[in-house]
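Chain letters run A, B, ... following the sequence lines, proteins first, then strands; residues in each count from 1. These numbers were taken from a predicted model, which means no experiment stands behind them.
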Amino acid sequence: MAEVSDQLLVVTIMTYLAALVAYAAEYAFGSATRVSRVANRELVGPDGLAVVVDDEPAPVSPRDRYIGYAVLGLSVAATLAHAATLITRAVAAGRVPWGNMYEFLLALTLVGSVAWLVVLFARPAVRALGLLVTTVVIVLLGTSGMLHTDAGPLVPALNSYWLAIHVSAVATAGGVLLVGFVSAVLYLLRDGYENGRTGFPFALAAKAPAAATIERLTFRVHAFAFPILTVGIMCGAIWAEAAWGRYWGWDPKEVWSFITWVIYAGYLHARATPSIKRRTASWLAIAGWAAVVFNTYGVNLVFSGLHSYAGV
Amino acid sequence: MSLLRNSWRQLTSMRTALVLLFLLALFAIPGSVFPQRSIGPEAVDRYLRDNPDTGPWLDRLQAFDVYSSVWFSAVYLLLFVSLVGCVVPRLKAHAVALIRVPPEAPKRLDRLPAHADDLDHDGDPEAAADALAALLKGRRFRVARRGRTISAEKGYLKETGNLVFHFALLALLGGMAAGGLYGWHGNRIVVTGDTNGFCSSTQQYDEYDLGTRVDAADLARFCVTLDSFRAEYLDSGQPSLYRARMSYAADGERGTRTVEVNHPLRLADANVYLLGTGYAPTLRYTDRAGRTQTITVPFLPQDNALTSYGLAAFPDANIGLTEPDGRPAQVAFDGLYLPTVPENVAHGASLFPAERDPRLMLRAYIGDLGLDSFRPQSVYALNFDQVEGKMLQASGDQFALKPGESHTLADGTKIEFLGTQPWIAVSVRHDPGEKVVLVGGILLVIGLLGSLTGRRRRVFFRVTPDGVVAGGLPRSEYEGFAAEFEQIVESARAALGERTREKAGSRDG
């Protein structure tokens, strides 16, 4: 079963790559009028309220429609293959599939993909984000492949039901924050583009939805993820009390989850303060994601601490 | 005075709070880069030894005590002062808002972000206003009626949650402070066997740390022995199970418990946590006078395959006898214990953590062990100062022993390796702030959810003889407000229409 899981990982990455190509094709060849019209259907009034503009759906050429189907089909297929990779891994190891760094990345990216599909179906207007989301997922999955560990039982410290709670909460938060990060990046690009900066990299956002729409999505995603992150860290503290005798000991992983939490708390405060620019807030969201990535890779690979398992 | 007021205003502003938050994150970083005394003092000592130039400077900057350093404490204390300065006035304002009725409607409702003016009534403004007030009350708005104008507000949960969140942070800090003041912990190695247990007291811990308000006499009183210990390993050498049977006696209460890594022994005033394991070889030494001594000494693991280093000292051996140069003839052995020896012993590292083919590699030292000096020293490692000062000299080459084997030294004395006992490292902890922190954490999440999902909004209706005007004002980010407002207006239309019809019906009858 472990081999099946490993092979499925390859299938997953290939399908994501195909989905990426489809997203790129849709973005590049999809008629600008349609993309921007979809994007602009949701406008924002001067008071910050959403104004729904009911315009006629633009006529869609057959080619665009097929590309659209390909995008959706491949995204869903890749996510399903991804889920199957994780499930077979769980069967092979006979436990929850997030007991080491490889599996953690697998789980985090799966949540990212699912979160993205939810956003995609709830708000088709932000579809252009898919290009970036899929890129980040592929990069993370690719690096997880380099950290591959054979499926096996857990070290005694991990042998607790808190593994199912703490790590799943943290992976969920990480996956959702991935979408938030991509959204923040695209907002900065689009905002620059709308303010007349048409060079690289702002031109990439030429066909993206209105900056205000992306910005609101950024906030919603973070507002959703932050309580999960908080619960995840707190469950980690409760577990640490049982396993190591203290709920907080400034282990490198704890230090960096503290830093991550503080940055995202800063983002939410900055977002709620009218005198602070949305651009500044978005940069904080990006800094938060940088902390998440460092906490995932850097802390395990650079520092030695209590959160090192199965080699990394 | 104005300077004070201005600095207070500055400190409690959101901008300052954000800068402090950022500094807090930034200042936390060194704690993950440099070894910390609070985690492992030996790592700090090693760092200072390896970096004699930069080490002392970093130490002066408190880089090894980041989380109790002046600068880190300054930032979080300022942050919490700023927090108090921010949330206490807000608590007052919110308390007032909770008591107060919703404010008067603005003069021109059509200037509000959401508004509707195409509502009609049946010519009885008073009854229409009643109906509208009832409608909003039914939608769980707080309603104030002033004449024929209705103000309604909803979504106080947001601010309530916000305040709960921030006060929970204060509770969290308070709980941590309580732990620092009244908590304590001690670590120690426990070898299996009835006579190898320990009682909780500062003398019996290998290392301990008492809270600022804790006295050595305040430690929980109990005694613990390790009856047996079992470790299981996968073929890769990764441990899969540590299980200890421990007996305890506390306050006349006795018992035996199974203790595992995630299942500490919880006593009334302290918890005993199983942190690690290793082997303690038992050695019997027969000295020049023919006296034998048997000791069991824990060897400390150096890697995951439990290659362990340790010291077996016999300070009372050859008592009264001296070396030809006049040094005392005390004896010590140091070396490695390899639970599974590799084919080439010279590699000196164990292949597997379980005892598949154990070997004890020892070297003998004879001379002054330096135990009489008043300098603190480890009982787990040889005092190399004595070796360098030639007070203690190696005797013969390293030799390897299997359990049950013995080795005769050049002076005719004999060392026997009788076998090993497992030991466990335990941490004993008492933290009275834990429960406060837990409750604070739960409140924090509840408050957070309220503050992120709550949406404050106001709805107004003004009934005039000609019709009804409605206006809506979202007071926090709320995308769906336009839709909700539309719904309210629709319900209002239905309610007013129904009234019209009812009236018409009764007139007919």
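Heavy-atom pairs under 4.5 Å with chain A peak, among B:Pro239, B:Ser451, B:Pro264, at B:Pro239. Contact count against chain A (heavy-atom pairs under 4.5 Å) is highest for B:Ala28 among B:Ala17, B:Ala28, B:Ala483. When each of A:Pro227, A:Pro252, A:Ala237, A:Gly152 is scored by its heavy-atom pairs under 4.5 Å with chain B, the top score falls to A:Pro227. Chosen from B:Arg266, B:Glu232, B:Glu260, the residue pairing most often with chain A at heavy-atom distances under 4.5 Å is B:Arg266.
Atom CH2 of A:Trp162 sits in a crowded spot, with more than 12 heavy atoms from other residues, nucleotides or ligands closer than 6.0 Å. The number of heavy atoms from other shown groups lying within 6.0 Å of CG (B:Asp65) is above 12. Applying the 6.0 Å contact sphere to OH of B:Tyr208 captures no more than 12 heavy atoms from other residues, nucleotides or ligands. Atom CZ of A:Phe224 is surrounded by 12 or fewer heavy atoms from other residues, nucleotides or ligands within 6.0 Å.
Side-chain contact between A:Tyr247 and B:Asp431 is present, with at least one heavy-atom pair separated by less than 4.5 Å. Side-chain contact check for A:Trp244 versus B:Arg429: every heavy-atom pair is 4.5 Å or farther apart. Here the side chains of A:Arg246 and B:His185 are not in contact, with every heavy-atom distance at 4.5 Å or above. A heavy-atom distance below 4.5 Å is not found between the side chains of B:Phe22 and A:Ile263. Two residues are said to be in side-chain contact when any heavy atoms from C-beta on lie closer than 4.5 Å; A:Phe258 and B:Leu24 meet this criterion. Between A:Asn159 and B:Val261 the shortest side-chain heavy-atom distance does not fall below 4.5 Å. Proximity of B:Arg15 to A:Ser275: side-chain heavy atoms (C-beta onward) are separated by under 4.5 Å at one or more points. Proximity of A:Glu241 to B:Leu438: side-chain heavy atoms (C-beta onward) are nowhere separated by under 4.5 Å.
Neither the backbone nor the side chain of B:Phe27 comes within less than 4.5 Å of any heavy atom in chain A. Neither the backbone nor the side chain of A:Trp248 comes within contact range of chain B; no heavy atoms are under 4.5 Å apart. In this structure, chain B has a heavy atom under 4.5 Å from the side chain of A:Thr273, while its backbone stays farther away. For A:Ile238, the part sitting under 4.5 Å from any heavy atom of chain B is the side chain, from C-beta outward, and nothing else. For B:Leu23, no part lies near chain A; criterion is any non-hydrogen pair under 4.5 Å. Contacts of A:Asp251 with chain B are made by backbone atoms alone, with heavy-atom separations under 4.5 Å and no side-chain atom involved. Only the backbone of A:Leu154 comes within less than 4.5 Å of a heavy atom in chain B; its side chain stays farther off. Looking at A:Arg271, only its side chain comes within 4.5 Å of chain B, counting heavy atoms on both sides. Heavy-atom distances place the side chain of A:Trp261, and not its backbone, under 4.5 Å from chain B.
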Run the numbers on A:Val255 and B:Tyr67 for side-chain contact (heavy atoms from CB on, under 4.5 Å), then give the verdict. CA-CA 10 Å; A:Val255 171; B:Tyr67 305 105; 3.0 Å; yes
Check the pair B:Val33 / A:Phe303 against side-chain contact (heavy atoms from CB on, under 4.5 Å), numbers first and verdict last. CA-CA 7 Å; B:Val33 178; A:Phe303 305 130; 4.0 Å; yes
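Here the shortest heavy-atom pairing between A:Met234 and B:Val445 reads SD-CG2, 3.6 Å. Taking both residues in full, the closest heavy atoms of B:Asn262 and A:Trp239 are given as OD1-NE1, 2.8 Å, listed atom of the first, atom of the second, then distance.
Using the six-membered ring where Trp is involved, B:His166 and A:His269 have ring planes that are perpendicular, over 60° apart on the 30 and 60° scheme.
The main-chain N or O of A:Pro153 is found under 3.5 Å from a side-chain atom of B:Gln238 such that the two form a donor-acceptor pair.
Judged by distance alone, the side chains of B:Ser32 and A:Trp256 do bring a donor and an acceptor atom under 3.5 Å apart.
B:Leu444 CG to A:Thr230 OG1: the interatomic distance, rounded to the nearest 0.5 Å, is 6.5 Å. Distance check, rounded to the nearest 0.5 Å: CH2 of A:Trp250 to CD1 of B:Ile39 gives 10.0 Å.
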